[in-house]
Amino acid sequence: MSFPAVICGQIFKSKNRDTLGGDYDLTGRQVANYLRINQLLDCLRLKLDAKLLTLASAVSLSYLSRENQLALYFGQAEEESA
């Protein structure tokens, strides 16, 4: 059996996260979001754990470079101390 080259990877990635999600009563999107959080700096992940960031915000921030995440964190810390 052969699959179209363009969508082959997309199909298997989708099925893997959906299958994994099914094992834990999560959607494929939820699995992807939780995996994406691993790209977040620890200092920002702690804010997520403390419910100072929403999951959606944390996922969005995880796409920033490490340098930009640090700048955001320290910029926010300066505002909180002012």
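- A single hydrophobic cluster is seen to contain both Leu61 and Phe74, as judged by linkage of ILVMFWY side chains at heavy-atom distances under 4.5 Å, directly or through other members.
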Q: I would like to know whether Tyr63 and Gln39 meet side chain to side chain contact (heavy atoms under 4.5 Å, CB included); could you show each step before the answer?
A: CA-CA 8 Å; Tyr63 285 96; Gln39 302 301 314; over 6 Å; no

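- Summarising the geometry, atom OH belonging to Tyr73 is positioned 11.5 Å from atom CG belonging to Leu40; distances are rounded to the nearest 0.5 Å.
- At most 12 non-hydrogen atoms from other residues, nucleotides or ligands lie less than 6.0 angstrom from CG of Asp25.
- Nearest approach of Gly21 to Val31, heavy atoms of both residues: CA-CG2, 3.5 Å.
- Residue Ser57 holds its OG atom at 11.5 Å from CG of Leu52, rounded to the nearest 0.5 Å.
- Expressed to the nearest 0.5 Å, how far CG of Leu41 lies from CG of Leu70 amounts to 5.0 Å.
- Rounding to the nearest 0.5 Å places CG of Asp42 at 13.5 Å from NZ of Lys47.
- With Gln69 contributing its side chain and Cys43 its backbone, the two residues share no donor-acceptor pair below 3.5 Å.
- Here the side chains of Arg29 and Arg17 are in contact, with some heavy-atom distance below 4.5 Å.
- Inter-residue side-chain proximity for Leu55 and Ile37 is flagged as met; some heavy-atom pair is nearer than 4.5 Å.
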